[in-house]
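In what follows, a structure is listed as structure tokens, so that the remarks can point back to it.
Order of the sequence lines fixes the chain letters, A, B, ..., with proteins taken first and strands second; residue numbering starts at 1 for each chain.
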There are 2 protein chains.
Amino acid sequence: MASRSTQILEAAARVIARRGVRGLRVEELAEEAGVSTGLIYYHFKDRTGILRHTLEFINDRAERYTTAQDPGAEPLSPREELDQVLLLELQDTPEVRENSTAWGELRASAVFDPVLREDLARATLVWVQEVAALLGQVHPLAPAARLASAAERLTALLEALSMRWLSGGLAIDHARTLVSEAVEVELALLGRL
Amino acid sequence: MASRSTQILEAAARVIARRGVRGLRVEELAEEAGVSTGLIYYHFKDRTGILRHTLEFINDRAERYTTAQDPGAEPLSPREELDQVLLLELQDTPEVRENSTAWGELRASAVFDPVLREDLARATLVWVQEVAALLGQVHPLAPAARLASAAERLTALLEALSMRWLSGGLAIDHARTLVSEAVEVELALLGRL
DNA sequence: GTCTATAACGGGATAGAC
DNA sequence: GTCTATCCCGTTATAGAC
């Protein structure tokens, strides 16, 4: 059922995870997706078009795996949901690796690419607000600005630890511990107002 | 008294800040440095050689500006020194911008380049230990593992906020506030043991 | 929608003179 | 140590057939 476009974007995530944004060759992507380069340009216009759509693709995918619910299981408490949304981004599975790698690459590229910059800023905002909302469910009385700051710190921390993990300087278990502790600390801070 | 090599590395920092690692063209670097491309290859062997030496260069430079002391001024308290080491990385000056941009780019590149990876891991470790030592001066009784964790979180947070700042998604004043609060929180946590 | 073929270009790296 | 000249490869993007 996967459309041609989807098939190409799935391949793009894999290739970016393997070679990075700067190492993405349209020809290699074509081979990975099992299509021709011409078709890729037909669907995505140019190299930047590929990257923008890949960003959208990995965002949707992350949304899916961080908010997945076992049907029939106990519904999660706000605190559990919070932990899940953050810690599920630190798993050593192909899907998460691909997503994190691509996200990091696109984030880095955005510093020099105004087009990506806008898309990235929008996606980041959505993510921060999602985390802020979960923090707000745990501490309903905390002021919105405080929630936003905490969410910005937690998401930023997660981004940086992901990159250190992906560049081999940090074990994933340790990264998870560091995030867990950070959540703990931010919640304690919010409770103390 | 800047040697030719230094002159080239200074130019490299400027070019990377302008175009990124992926946008660094040896020819543009040559022009920026006022030398020929041949000379660059003579001194640094290849593209990767340029990047490795640039990493070393920006590390030395950061060491200088984050630990600078006004001669004749009051010596800083450990807490002040800590704030300074972290917050001086969030200034909108050409030097800091260049350093932060290059650091972020090299960090991102390291995910796909084993050579850079090693250099980066080493440099990161030194930085984390420096921050851990400062935290230890504020809280001499805190266990080393706790200090290390706090330092990892603070340096990681700083990296991520720098990138968000450089990609235009975050005002620098706000980034500074977020880091200050994080220092506060981490110190409170260390004091509670 | 999809492919093949190729135009067009950019940029890393080296040879060799000075 | 430094420069000029250039080789040569890889890559993006498009044209045109099916």
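As a whole-Å value, the separation of E27(A) CD from dT6(C) C1' is 12 Å. Atoms OH (Y41(B)) and C1' (dT6(D)) sit 14 Å apart, rounded to a whole Å. Between the CZ atom of F44(B) and the P atom of dG12(C) there is a distance of 15 Å, given to the nearest Å. In this structure, K45(A) atom NZ and dA13(D) atom P are separated by 9 Å, rounded to whole Å. Spacing between atom CD1 of I50(A) and atom C1' of dT11(D) amounts to 12 Å, rounded to whole angstrom units. Taking atom CG of D46(A) as the reference point, atom P of dA8(C) lies 19 Å away to the nearest angstrom. Per the geometry, CD belonging to E28(B) stands 13 Å off C1' belonging to dG10(C), to the nearest Å. Here the P atom of nucleotide dA15(D) and the CG atom of L39(A) are 17 Å apart, to the nearest Å.
Taking the side chain of Y42(B) as heavy atoms from C-beta on, and the options dT2(C), dT14(C), dG1(D), the nearest nucleotide is dG1(D).
Note on R25(A): every side-chain N or O is 4.0 Å or more away from OP1 and OP2 of dG10(D).
Within the nucleic acid shown, L29(A) has no heavy atom closer than 4.0 Å to any nucleic acid atom.
Between D60(A) and R64(A) there is no salt bridge, since no side-chain nitrogen of the basic residue lies less than 4.0 Å from a carboxylate oxygen of the acidic one.
Between R4(B) and T37(B), the residue anchored closer to the 5' end of DNA chain D is R4(B), taking for each the nucleotide with the nearest heavy atom.
The number of heavy-atom neighbours closer than 6.0 Å to CZ of R14(B), taken from other residues, nucleotides and ligands shown, is above 12.
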Quiz prompt | Evaluation steps, salt bridge (charged side-chain N to carboxylate O under 4.0 Å, His left out), between E159(B) and R164(A) | solution = CA-CA 10 Å; E159(B) 275 184 7; R164(A) 289 192 188 177; 3.4 Å; yes
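Using cut-offs of 30° and 60° on the angle between ring planes, the pair H53(B) and F44(B) is tilted.
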